[in-house]
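Some notes on the structure that comes next.
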Amino acid sequence: MISEYQRLDPRIQKWIYRQGWSDLRELQKKAIPPILACDRDVLISAATAAGKTEAFFLPACSAIANIQGGFGILYISPLKALINDQYRRLESLGDALEMPVTPWHGDIAQSKKLRAKKNPSGILLITPESLEAMLIRSSGWLKQAFAPLAYIVIDEFHAFIGSERGMQLLSLLNRIDHILGRVNNPVPRVALSATLGELEKVPLSLRPNQRLPCDIITDSQVHTTLKVQVKGYLEPRTSIGKDPLPSAESQICHDIFRLCRGDSHLVFANSRKRTESIAATLSDLSEANIVPNEFFPHHGSLSRDLRETLEQRLQKGNLPTTAICTMTLELGIDIGKVNSVIQVTPPHSVASLRQRMGRSGRRDSPAALRMLIAEHELTPTSGIVDQLRLQLVQSMAMIRLLIDSKWFEPADTRQIHYSTLFHQILAIVAQWGGVRADQLWSQLCMDGPFQKVGSNNFKILLRHMGERQFLTQLSSGELVLGVEGERLVNKYTFYAVFSTPEEFRIVAGNKTLGSIPVDSPLLPEQHIIFGGRRWKVTDIDSDKKVIYVEATKGGQPPLFGGEGMSIHDVVRQEMLAIYREGDYKITVGEHKVDFADTSAISLFEEGLHYFNSNNLSSEFFIQQGQHVYILLWLGDQILNTLSALLLNSGFKTGSFAGVIEVEQTTVDEVKRVLAKILRAGLPSEFHLAESVPEKFLEKYDEDLPDVLLTEGYGLRAFDVEGVTRWLGKHL
DNA sequence: GACCTGCTGCGGCCTG
């Protein structure tokens, strides 16, 4: 029997030998037969640096080695930087096979693109947006250039699933099969990722119509050692007249300085503002200690130049370097491995934490994670969020889920994304010049990624697009671009399907406090926290993009960031489990492993004491002075729903860090009203969404018919069934 | 006050 290795092209075998590899990894061997077969989709899910890229490219290049007259492999990446990295990695393999590798994105010179256009061959590395432009601008050329296409491979596939970009990508892939006349014999798709939850459901996200079978290949050897620690910090209360104690951030910076100097680390700080302030403090500390600075910020608002300099410094590894970063260093940009990962304030998801962990762990040392968590010093007026030490317990819950349960959030595939459907209708019409409505329906909905859209709603959308002159119907029945459609498609910003979130100015009286992107439901009367203070929304002006607020009374504002948003049900349930057990430790064999330092332990005990003395194990509604607090221990979609129900019943309410506050009322009153709502039957998501004045979230939301906008918004923000279940259990 | 991603074609000017 011949080995997998021997099935590869002899020139590739020689290339492997020249790399000095003694053998292929298990994952790479396993991938050879299904990739060479070229008759099915393949999902390759394995840890960072496990050799996923080679697992695909070695057999795939083997299979297309002798293809002429067009591209054999289409590689799609969510990031330009990743395309540049992969280009560097694939060049020598390409040379060995005399197979060109062409990077193609917005920063690639026109001359290079023109050269590839004249002689398309080998491997094309591209972004979804550039592919969209190609389909719209040169579909005739594409039909020729992609004629021998054998594989479409998608890198960092988890970054696409369930998102607007993911829907666009699936539609693009369908459009390629269509243009090549391969609807019934589609081009095999290969997805690469390190962070795929509920793996068995992923093939449906790779090919919704399931026309090809999908093999799933995973890395069986997953015995990574991981060192974890949670460190607690106390944010001192502001005292007047005395020398202020160092702030929690200052204490944290001193520890980062001590822990990181001399090696390479990543510090995830969750927000640009905190990233900048920590990086600045660390640079000051270096100066004060007369040592060279090795701490630099990295986030999306920094220039590409600054970011790349830092990435190269990390990758070269000859100078100790610590990046203080946001999620920009989460995906697979080539920066090598770092000694440890530090997380300041809890991450927003376990999936994200897992991805970040993958950055740590060099050959000689195990992966290491530290979480540095600050909580406010308690005062007589401290709120429930502080008293419970929710930040700390959330961090502990996430660590337990990551290590103990090996759980992380699966992608949310419930959204419809009407905005992206609108975009793809325009894109397909622009690509073909004119199409019939039934062709759009079958390509996008029946056979494509928008399977959740019913024919009635599709008709509503098309009719609306006609009325608003995005589309025009010819006497033949064919749909072509209307005046407004032309206007959108001809803007070069058309190719991207996501928008940079619109910013709303927050105005109190005649003073602008700043601006925030509106990506969570905001209602008049709702309480928000901004600039460390509590505000009540008095009015929202969607046209001027202004939110008017006025100061509202209350105790000290609770300590939490935006991480309170979009927390998953499972995380909050794990938090409740920790309080109920009175223990956060992880069981390994017969031992309990403690990962908290003394300060974190004492903070945890404070939170636990509050939990137990208020009997929160069985009480979900509690009275504090004149306010009622509701603890659901569930995710934010359910929280939003209950919050909206209470607002619609005339209560003044807001929610912070998973806790709903209802002002000036009693537990009995709240329960009475909720019981009445439950008896009458809850309103639908659609009905709740109708009461939200600002519903524009995605790029073309403002061009949608109201009924579809409201439906999409309701599905995204609310979960009526979840609340019904919760109320049934706890009233 | 979570975070992140991406983009054409053409005319005009400059430099080697």
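Below, read A as the first sequence line, B as the second, and so on, with proteins coming before strands; counting in each chain starts at 1.
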* To do: Check the pair Leu266(A) / Leu314(A) against side-chain contact (heavy atoms from CB on, under 4.5 Å), numbers first and verdict last.
  => CA-CA 10 Å; Leu266(A) 293 180; Leu314(A) 273 165; 4.3 Å; yes

* By centroid distance (under 5.5 Å) and plane angle (under 30°), are Tyr492(A) and dT8(B) in a stacked arrangement? -> yes

* To do: Kindly confirm whether the side-chain ring of Tyr495(A) is stacked on the base of dT8(B), judged by centres under 5.5 Å and planes under 30°.
  => no

* To do: Walk me through it: do Leu353(A) and Met371(A) pass the test side-chain contact (heavy atoms from CB on, under 4.5 Å)?
  => CA-CA 11 Å; Leu353(A) 183 62; Met371(A) 281 201 184; 3.6 Å; yes

* To do: Round to a whole Å and report the spacing from CG of Leu488(A) to P of dT8(B).
  => 17 Å

* So what does Ser130(A) hit on the nucleic acid, given a heavy-atom distance under 4.0 Å: a base, only sugar-phosphate, or nothing? -> sugar-phosphate

* To do: Round to the nearest Å and state the distance from Ile126(A) atom CD1 to dG6(B) atom P.
  => 13 Å

* Asked: Using the ring of each side chain (for Trp, its six-membered ring), is His423(A) parallel, tilted or perpendicular to Phe494(A), with breaks at 30° and 60°?
  -> parallel

* Lys80(A) side chain N/O closer than 4.0 Å to the phosphate oxygens (OP1, OP2) of dC7(B)? -> yes

* To do: Specify the separation, in whole Å, of atom NZ of Lys117(A) and atom P of dT8(B).
  => 10 Å

* Asked: Start at the 5' end of DNA chain B and walk down; is the nucleotide closest to Leu79(A) or to Ala133(A) reached first?
  -> Leu79(A)

* Using a cut-off of 4.0 Å on non-hydrogen atoms, how would the nucleic acid contact of Thr326(A) be classed: base, sugar-phosphate, or nothing? -> sugar-phosphate

* With distance as the sole criterion, do the side chain of Arg137(A) and the base of dT8(B) form a donor-acceptor contact below 3.5 Å? -> no

* **Spacing of Glu129(A) atom CD relative to dC7(B) atom P, expressed in whole Å** => 6 Å

* Asked: So, is Thr328(A) close to the dT5(B) phosphate, meaning a side-chain N or O under 4.0 Å from OP1 or OP2?
  -> no

* **Rounded distance in Å - CE (Met167(A)) to C1' (dT5(B))** => 18 Å

* Tell me: CZ of Phe494(A) to C1' of dT8(B), nearest whole Å? -> 13 Å

* **5'-most by nearest nucleotide on DNA chain B - Gly106(A) or His298(A)** => His298(A)

* Structure fact -> Between CH2 of Trp141(A) and C1' of dT8(B) the distance, given in whole Å, is 14 Å

* Consider the side chain of His105(A), meaning its heavy atoms from C-beta on, and name the nucleotide among dT5(B), dC7(B), dA2(B) that approaches it most closely. => dC7(B)

* Asked: Yes or no on salt bridge (Lys or Arg N to Asp or Glu O under 4.0 Å) for Arg354(A) and Glu409(A), after CA distance, side-chain angles and deciding distance?
  -> CA-CA 10 Å; Arg354(A) 191 171 186 270; Glu409(A) 297 83 357; over 6 Å; no

* **Selected nucleotide, minimal atom distance to Arg307(A) side chain, candidates dG6(B), dC4(B), dA2(B)** => dC4(B)

* Asked: Given Ile373(A), which of Ile252(A), Leu392(A), Val344(A) fulfils the side chain to side chain contact (heavy atoms under 4.5 Å, CB included) condition?
  -> Leu392(A)

* Integer-rounded Å distance: dG1(B) P and His348(A) NE2 -> 16 Å

